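For reference, the structure is listed below as structure tokens.
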Amino acid sequence: MNIALMSHDRKKELMVQFCIAYCGILSKHTLCATNTTGRLVAEATGLPVNLFLSHTHGGSQQIGARIAYNEIDMVLFFSDPQSTDLEADLNYITRLCDQYNIPFATNVATAEMLIHGLERGDLDWRDIINPKTKPFTA
């Protein structure tokens with residue numbers, strides 16, 4: 001599965017800690033992320049992460065396009081409810097995930113549920129309903 005990682009500035013360390021904790025599961029999947037989040041995760045975990053542009057340069061739009069083309073299977077976007085700087089990006093990604101039936105977590109509790117479901121095979125329906133036509137590359 002292709003998993004997109006995104007986070008507000010105050011949640012980047014939480015994303016890194018989450019990826020360290022679930023490195024074993026995440027290593028079996030393809031990860032992509034906006035630039036800063038992806039670099040931090042890759043440095044801390046050693047996992048390969050396909051990097052998109054940073055938020056300020058259009059990384060959210062790049063991930064959004066991948067969602068629309070059925071190239072993303074799950075989005076983990078750890079949001080800071082007290083921050084409004086990425087509100088438009090969060091709303092954009094939320095709408096796309098809702099439109100294309102992409103499992104989506106905005107906090108660590110929901111992300112843990114999705115990761116455990118991924119490990120059990122609960123999300124295998126994505127490959128049946130929406131088979132990939134080409135491999136993912138950033």
Side-chain angles (χ1 to χ4, degrees):
M1 298 246 165
N2 298 321
I3 303 170
L5 307 174
M6 306 168 78
S7 61
H8 281 139
D9 286 343
R10 286 194 247 170
K11 297 293 182 170
K12 290 192 187 316
E13 182 59 28
L14 180 60
M15 177 64 78
V16 168
Q17 294 301 318
F18 178 85
C19 291
I20 289 169
Y22 292 104
C23 190
I25 297 169
L26 293 171
S27 67
K28 300 172 188 168
H29 302 279
T30 303
L31 304 178
C32 67
T34 48
N35 196 293
T36 305
T37 300
R39 275 189 299 104
L40 291 170
V41 168
E43 289 169 7
T45 63
L47 293 170
V49 180
N50 296 302
L51 299 177
F52 290 111
L53 297 173
S54 66
H55 147 71
T56 55
H57 293 105
S60 297
Q61 287 74 23
Q62 288 180 303
I63 290 175
R66 299 292 177 139
I67 292 169
Y69 282 101
N70 190 40
E71 294 176 6
I72 300 290
D73 298 297
M74 179 188 298
V75 176
L76 307 179
F77 190 151
F78 288 2
S79 68
D80 178 2
Q82 298 185 6
S83 175
T84 59
D85 63 335
L86 297 179
E87 197 168 310
D89 287 343
L90 180 58
N91 289 335
Y92 169 68
I93 296 297
T94 300
R95 282 192 313 273
L96 286 170
C97 287
D98 286 347
Q99 181 176 353
Y100 293 101
N101 293 311
I102 306 298
F104 178 59
T106 59
N107 60 65
V108 71
T110 307
E112 284 186 323
M113 297 298 289
L114 289 179
I115 288 297
H116 287 297
L118 180 66
E119 183 178 35
R120 284 190 309 263
D122 295 350
L123 302 174
D124 291 350
W125 61 269
R126 293 251 337 125
D127 287 331
I128 296 167
I129 302 290
N130 298 310
K132 305 291 180 296
T133 56
K134 58 185 175 182
F136 175 82
T137 56

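Because only heavy atoms are used, hydrogens play no part in the values below, and waters and symmetry mates are left out as well, while side chains stay in. In this text, all values refer to a predicted model and were calculated from it rather than measured experimentally.
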Criterion side chain to side chain contact (heavy atoms under 4.5 Å, CB included) against I67, the qualifying member of F104, Y100, Y92
Y100
What are the two closest non-hydrogen atoms of L114 and L123, and how far apart are they?
O-CD1, 4.0 Å
Taken to the nearest 0.5 Å, the spacing of R95 CZ from L90 CG works out to 10.0 Å
Are the side chains of S7 and L14 in touch, meaning some heavy atoms are under 4.5 Å apart?
no
For the CD1 atom of I102 and the CD1 atom of I3, what is their distance to the nearest 0.5 Å?
12.0 Å
M15 side chain near L76 side chain, heavy-atom distance below 4.5 Å:
yes
Looking at every non-hydrogen atom in both residues, tell me the closest pair between P103 and N101 and how far apart they are.
CD-O, 3.7 Å
dist L5:CG -> M74:CE (nearest 0.5 Å) comes out at 10.0 Å
Flag the pair Q82 / R10 as yes when at least one side-chain heavy-atom distance between them is below 4.5 Å, and no otherwise.
yes
Within-4.5 Å side-chain heavy-atom neighbours: S27 and T45:
no
Less than 4.5 Å apart, any side-chain heavy atom of F77 and any of K11?
no
Could you tell me whether the side chain of T110 and the main chain of T106 form a donor-acceptor pair under 3.5 Å?
no
At what distance, to the nearest 0.5 angstrom, does CE of M6 lie from CG of D89?
6.0 Å
Closest heavy-atom pair and its distance - V49, A42
CG2-CB, 4.0 Å
Close side-chain approach of T37 and F78, heavy atoms under 4.5 Å
no
When rounded to the nearest 0.5 angstrom, what is the spacing between CD1 in I93 and CD in Q61?
7.5 Å
Looking at side-chain heavy atoms only, is the closest gap between C19 and L26 below 4.5 Å?
yes
Give me the atom names and distance for the closest heavy-atom approach of L118 to I25.
CD2-CG2, 4.3 Å
Set out, in order, the CA-CA distance, both residues' side-chain angles and the distance that settles side-chain hydrogen bond (donor to acceptor under 3.5 Å, both in side chains) for N35 and R39, then state yes or no.
CA-CA 6 Å; N35 196 293; R39 275 189 299 104; 2.8 Å; yes
All heavy atoms of V75 vs all of C97, minimum pair found to be CG2-SG, 3.7 Å
Determine whether more than 12 heavy atoms belonging to other residues, nucleotides or ligands lie under 6.0 Å from atom NE2 of H116.
yes
So do Y22 and E112 actually touch side chain to side chain, heavy atoms under 4.5 Å?
yes
Check A44 against I20 and note the closest heavy-atom contact, atom names and distance.
CB-CD1, 4.0 Å
From NE2 (H55) to CD1 (I63), nearest 0.5 Å
12.0 Å
